[in-house]
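Numbering of residues begins at 1 and proceeds along the displayed sequence.
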Amino acid sequence: MLLAILLSAAATDTYLDQTRPRWEQVSQKLWEFSETALQEKKSAALFEELLEKEGFQVQRGVGQLPTAFVASAGSGEPVVAILAEYDALPELSQHGGEPRKDPLTKGAPGHGCGHNLLGTAAVAAAVAANRERMEKKLPGTLQVFGTPAEEILIGKTFMLMAGAFKKTDVVLSWHPGDKNEIVNGKRLALTASEVEFFGKTAHAAASPWLGRSSLDALELFEHAMSLMREHIQPTARIHRVIKNGGVVANIIPDYAKVQVWLRDANGQSVDEMLGRMRKAAEGAALGTETRAQVSVLASVRDPVSNQVLGQVMQKELERVGAPKWDAADEGFARSLQKEVGVPEAGLASDVTPYGVHGATASSDIGEVSAAVPLAELGVATRPLGTASHHWATTSCSLHPVGLKGMSVASKVLAGSLVNLLQQPATVSSAKAEFAKATKGKAYQSPLPADAKPVVF
């Protein structure tokens, strides 16, 4: 059996090497599209059409999301799935492969989280695994979940609410990073909210006593939240952006809005912070004779990482190995590190041993992990110490550094998918671990049943 598994993995590697130019072209197209949350029409269509040509049955517009899809091939059990993301970030346009900030189009979106690499590697892996499934006449079903709007943390949640994962046994995911490792810790739970204040408008010079400033309320609220930062857990994060603070200085504003994201190691702590934030909003409104309204936009939990699946991908990662960098890659990496002000350590050239690894970024994969066994892979696609959600990642996502990492990810994922089709006992073990971790509780969405997807 072990020899058969290794031969199958080698077969998917060979296919992915032979078709590498195809996948690099797909990735480049997504990079050029750079479509933000729920606007990924061309990106989703590219994947949908590609998968249909490869024999997958594609269901479009899943979960009230026009750019979400589920592609399936094969039949029966086990049902093994992979997640594909393809949304870009606002205002992170950047010339590809440049080590200095240089927007391709000023103010335009860019793939500053590498989702052009993420989506392409996931789809390439599924295609390679499906060809092997057909060649070896393996039982089971492969699924590709096209999950939009990850950057605003709603895509997978609405797909779950629509029942898209109800027949899925296990799920694999990956994300571009600066190391080669299984990501199984540290991702934070998050609640995104908006706080609105409603006051009374008036002429700021002629009759200010008639007005009640919503901006005053927002400023008081902001001060309260700044003081609150001293009294939260070290693992917690509070960040915000003011969306509306009035129109002109000589009109007292009757409306103001701030978007606040709360994060911590678990959902219980986030809920506690949300309760305190509501009190701060109410207090600010009381002190300024305005009215406050707090609305939850999105909520995701900290992931439940499945060790059985993680070990499957760890073995494949060790088999495939880290990306092979050349002198030009290292030179680019050090130039970029110097530019952004981090140590000039170059690129990760080794595979991190299995353990607790990850970053404090949040993701809606946390919601999937509460419904289905899930493990996440990380592969280096940018220099050590550099950050995502940054123009530097947009640059790397079109550079050979990003493409080499994408190639490694596709091989690891394809090999893992085939292994799981060939080893239903491993799938059963992953499900048993999941049942124990979740105590057999059915998935409950953090959003109300009548929630509608919106861009925020």
Side-chain angles (χ1 to χ4, degrees), residues 26 29-30 33-52 56-73 79 81-90 109 111 113-116 118-123 126 142-168 171-175 190-194 259 261 295-301 303 361-372 374 376 443-456:
V26 169
K29 285 183 179 179
L30 261 67
F33 294 156
S34 287
E35 298 167 303
T36 54
L38 301 187
Q39 304 302 312
E40 318 96 325
K41 295 179 182 178
K42 290 185 285 188
S43 301
L46 177 62
F47 282 145
E48 290 163 352
E49 292 167 10
L50 188 160
L51 287 162
E52 281 181 330
F56 285 78
Q57 299 293 317
V58 179
Q59 179 186 1
R60 292 168 167 81
V62 177
Q64 308 180 68
L65 304 167
T67 52
F69 67 85
V70 181
S72 302
V79 181
I82 193 164
L83 303 179
E85 298 169 10
Y86 32 86
D87 57 328
L89 286 158
H111 271 291
C113 206
H115 288 184
N116 63 308
L118 191 165
T120 303
V123 169
L142 286 169
Q143 292 180 315
V144 181
F145 287 95
T147 63
E150 188 278 335
E151 298 296 359
I152 60 170
L153 304 161
I154 64 170
K156 299 174 188 64
T157 304
F158 278 95
M159 294 178 78
L160 281 160
M161 291 170 70
F165 292 83
K166 63 183 178 182
K167 295 181 180 178
T168 307
V171 175
L172 302 182
S173 64
W174 90 283
H175 203 286
L190 179 152
T191 291
S193 64
E194 63 182 15
Q259 191 177 110
W261 290 30
S295 304
V296 171
L297 304 171
S299 186
V300 297
R301 67 199 79 195
S362 307
S363 173
D364 55 7
I365 67 166
E367 290 307 295
V368 178
S369 77
V372 187
L374 177 144
E376 182 183 10
Y443 171 77
Q444 287 189 318
S445 174
L447 302 180
D450 60 352
K452 302 293 182 184
V454 295
V455 176
F456 55 87

Shortest non-hydrogen contact from Pro303 toward Ser369: CA-OG, 3.3 Å
Pairing residues for Ala126 by the side chain to side chain contact (heavy atoms under 4.5 Å, CB included) criterion, not counting sequence neighbours: Phe56, Ile82, Val144
Main-chain N/O of Leu30 paired to His111 side chain as donor or acceptor, under 3.5 Å: yes
Acceptor/donor pairs from residues 148-164 side chains to any protein atom, 3.5 angstrom cut, sequence neighbours excluded:
unit_1 : atom_1 : unit_2 : atom_2 : d
Glu150 : OE2    : Ser363 : OG     : 3.1
Glu151 : OE1    : His389 : NE2    : 3.1
Lys156 : NZ     : Glu85  : OE2    : 2.8
Lys156 : NZ     : Thr147 : OG1    : 3.1
Lys156 : NZ     : Asp364 : OD1    : 2.7

Residue pair Phe145 / Val368, side-chain heavy-atom distance below 4.5 Å: no
Residues 445-456, side-chain donor-acceptor partners within the protein, below 3.5 Å, at least two apart:
unit_1 : atom_1 : unit_2 : atom_2 : d
Ser445 : OG     : Leu447 : N      : 3.1
Ser445 : OG     : Leu447 : O      : 3.4

Pair His175-Ile365, side chain to side chain contact (heavy atoms under 4.5 Å, CB included): steps then yes or no: CA-CA 11 Å; His175 203 286; Ile365 67 166; over 6 Å; no
Non-hydrogen atoms of Ser299 and Thr191 that approach each other most closely: OG-OG1, 3.1 Å
Leu83 side chain near Leu374 side chain, heavy-atom distance below 4.5 Å: yes
Under the salt bridge (charged side-chain N to carboxylate O under 4.0 Å, His left out) test, residues paired with Glu52 that sit two or more places apart: Arg60
Atom pair OG/CD of Ser34 and Glu40 - distance to nearest 0.5 Å: 11.5 Å
Side chain to side chain contact (heavy atoms under 4.5 Å, CB included) partners of Lys167, counting only residues at least two apart: none
Non-hydrogen atoms of Asn116 and Thr120 that approach each other most closely: O-OG1, 2.7 Å
From Ser72 atom OG to Gln57 atom CD, the distance as rounded to the nearest 0.5 Å: 8.0 Å
Val70 versus Gln143, closest heavy-atom pair with distance: CG1-NE2, 4.4 Å
N/O donor-acceptor pair under 3.5 Å between Glu367 side chain and Arg301 backbone: yes
Qualifying residues under side chain to side chain contact (heavy atoms under 4.5 Å, CB included), relative to Gln39, sequence neighbours excluded: Thr36
Side chain to side chain donor-acceptor pair (under 3.5 Å) between Glu35 and Tyr86, intermediate numbers included: CA-CA 8 Å; Glu35 298 167 303; Tyr86 32 86; over 6 Å; no
